[in-house]
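Structure first, commentary second.
Read the numbers this way: they start at 1 and go in the same order the structure lists the ligands and their atoms. Predicted, not measured: the structure shown is a model, and the values here were computed from it.
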Amino acid sequence: MGDYTKMWTELGLDLKGHDALLSVLGGAYTNIFLSQKNRPEGMKYFDFVMSEVHGLRIQELMDAKIQGRKVIGSYCVFVPEELILAVDGVSVGLCAGAEFNFEGAETMLPRNTCALIKSAFGFKLGQVCPYLEASDVVIGENTCDGKKKSYEMLAPLVKDLYVMDMPQMKSESGRTLLKEEYRKLIDKLEKVSGKKVTVESLQKGINIVNAKRDALRRLTELRAADPAPISGLDALLVNQVFFYDDPVRFTDSVNKLCDELEDRVKKGIGIFPKGTTRVIVSGCPMAVPNWKLPMLIESVNAVIVGEESCVGERGARWITELKGKTVDDLLDTITERYFNIDCAIFTPNPSRLAYIKEMSKKLKADGVIHYSLQFCQPYIMESGPVEKNLEKSGIPTILLETDYSEQDAGQLKTRIEAFVERLHKK
Ligand code: BJ8
């Protein structure tokens, strides 16, 4: 990586803390990703993106700002990138996956807050996230109680925080509320950018995001092969980069990777031998650099073949239908698409369970590892019924609860080993 000290200083980063974060991140990346054997060549692009995730990509954001484009940060897959692109904005994901400055975060938040929220505050208070510092607007959403209340505390810390309300039930009034919130979000984006959302600009945004999701769908389908042509770690990385990279370049890189994986599938080349135990990870999102669980799973002779998560299928699986002649028509189709997302904040939430079953079948998984972040009420509450129902349907399931620390790694590994052993004997 080049020398970006000037840019980081201008962004107001704490250089000492930032250096410490980058060195931990770089070391972890080398140990976890670069040590894998027989990786697809196409992963080189994603290695490069990660090596420049606080460098070149931030430089691109700063260049976009000079050209008059706005950088819009968000924490949830309910924020439509299509709307941001329709005002020529740049969308960046801000969820954080590292245990950084939790002491600082705990001066503002209760200790029993999930690691994802604490991490976002730790990064902000420690001034180490160039994406957050480059954001002209940060969009929050009233999803879980933890996020909803934490935005009250985040507001005075960032330049411009805009919070969307969110439905909690998949009812007609819920759908109307979501559409209304998207309409208000358009107003906000138009005001900040000084650009109007038009039919053409919205269609263009929809096409760009659909192409990105189509590429990820291709990747998902290829993982049904045995041997799996790509590791779960690498597939997760692609899903994580989805939130940071230039969307058109990302799509192109995922499609190139898929071309290579198609060839691997034809030739029977896999990352692990044919017949390796296959699992699906379901639950909370895994933001960069939260790689602990997949790393443990794939270190015990199992391969992850799918992620039922917002950094995975839940974030990418629906396509926005391109129909209608007005902005309002297109807003209907966007609302339709996003209203499908089966986040555990919804009650009841039967489609999530149904989809885990569908995924298990499609991807020929031997079992499901349900992953909840400690103190995440929505996913922990949902995990019990999910486990019971999957087991009843003949899909072995294990519930794991963890955080971003390494302290429980040994214990988790033992439980995963025992579970993989159970799947092996099935
Ligand atoms: S659509 S999953 S990205 S809300 S882990 S902060 S739920 S206490 S992240 Fe999410 Fe949107 Fe839903 Fe997806 Fe709360 Fe749980 Fe923490 Fe979470």
Side-chain angles (χ1 to χ4, degrees), residues 73-81 91-99 102 105-106 108-124 138-154 163-170 174 178 181-182 185 213 216 236 239-240 242-244 281-288 290 292-293 307-318 335 337-349 351-353 355-356 370-383 386 399-405:
S74 62
Y75 294 99
C76 179
V77 295
F78 271 104
V79 176
E81 186 175 358
S91 168
V92 290
L94 298 175
C95 280
E99 193 177 53
F102 273 23
E106 285 171 11
M108 299 190 74
L109 302 165
R111 214 186 62 78
N112 56 352
T113 303
C114 87
L116 201 136
I117 299 174
K118 267 197 220 169
S119 182
F121 272 71
F123 275 36
K124 176 61 225 176
V138 172
I139 303 175
E141 33 25 78
N142 290 342
T143 44
C144 66
D145 284 354
K147 275 188 174 179
K148 186 161 63 188
K149 295 305 284 181
S150 70
Y151 291 134
E152 292 172 19
M153 282 160 266
L154 188 65
V163 180
M164 292 190 328
D165 202 5
M166 278 289 303
Q168 307 275 298
M169 292 180 91
K170 298 279 177 83
L178 190 62
E181 286 302 310
Y182 286 162
L185 180 59
R213 295 199 174 111
L216 281 184
L236 173 67
N239 277 288
Q240 289 175 331
F242 176 92
F243 294 93
Y244 300 95
V281 176
S282 167
C284 291
M286 288 179 186
V288 173
N290 178 9
K292 177 173 75 175
L293 196 63
E307 298 76 25
E308 190 280 321
S309 155
C310 288
V311 183
E313 286 285 279
R314 215 182 302 127
R317 85 177 194 258
W318 300 276
T335 306
R337 187 258 163 213
Y338 282 85
F339 203 54
N340 286 314
I341 298 173
D342 37 19
C343 170
I345 63 133
F346 281 93
T347 180
N349 192 30
S351 64
R352 178 169 167 238
L353 173 65
Y355 193 67
I356 303 173
H370 191 285
Y371 154 73
S372 305
L373 274 176
Q374 252 166 29
F375 312 121
C376 169
Q377 292 298 347
Y379 284 90
I380 294 173
M381 293 287 269
E382 219 165 83
S383 65
V386 164
L399 305 187
L400 299 179
E401 228 181 275
T402 183
D403 56 14
Y404 290 173
S405 80

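- With respect to atom 2 (S) of ligand 1, the closest heavy atom belonging to the protein is Y379 OH, 3.3 Å.
- When each atom of ligand 1 is checked for a heavy atom of C376 under 4.0 Å away, the hits are 5 (S), 7 (S), 8 (S), 15 (Fe).
- In this structure, a donor-acceptor pair under 3.5 Å is present between the side chains of D165 and N142.
- Of the possible donor and acceptor atoms, none in the side chain of R352 sits under 3.5 Å from a partner among the backbone N and O of D342.
- For atom 17 (Fe) of ligand 1, no protein heavy-atom neighbour is present inside the 4.0 Å cut-off.
- Of the possible donor and acceptor atoms, one in the side chain of T113 sits under 3.5 Å from a partner among the backbone N and O of P110.
- Counting only heavy atoms from C-beta outward, the side chains of K147 and M166 never approach each other to under 4.5 Å.
- A donor-acceptor pair is defined here as one N or O able to donate and one able to accept, closer than 3.5 Å; such a pair exists between the side chain of Q240 and the backbone of M286.
- Interface of I117 with ligand 1, defined as ligand atoms under 4.0 Å from a residue heavy atom, comprises 6 (S).
- A donor-acceptor pair is defined here as one N or O able to donate and one able to accept, closer than 3.5 Å; such a pair exists between the side chain of R314 and the backbone of E308.
- Only protein N, O or S atoms were considered, and those under 2.8 Å from atom 12 (Fe) of ligand 1 are C343 SG.
- For atom 16 (Fe) of ligand 1, the N/O/S atoms of C114 include one lying under 2.8 Å.
- For the pair E106 and K118, the tightest heavy-atom approach, listed with the atom from each and the gap, is OE2-NZ, 2.9 Å.
- Shortest contact from atom 10 (Fe) of ligand 1 to any protein heavy atom: K147 NZ, 3.7 Å.
- S282 contributes no side-chain N or O that, together with a main-chain N or O of H370, makes up a donor-acceptor pair within less than 3.5 Å.
- Between the side chain of K292 and the backbone N or O of T402, no donor-acceptor pair lies under 3.5 Å.
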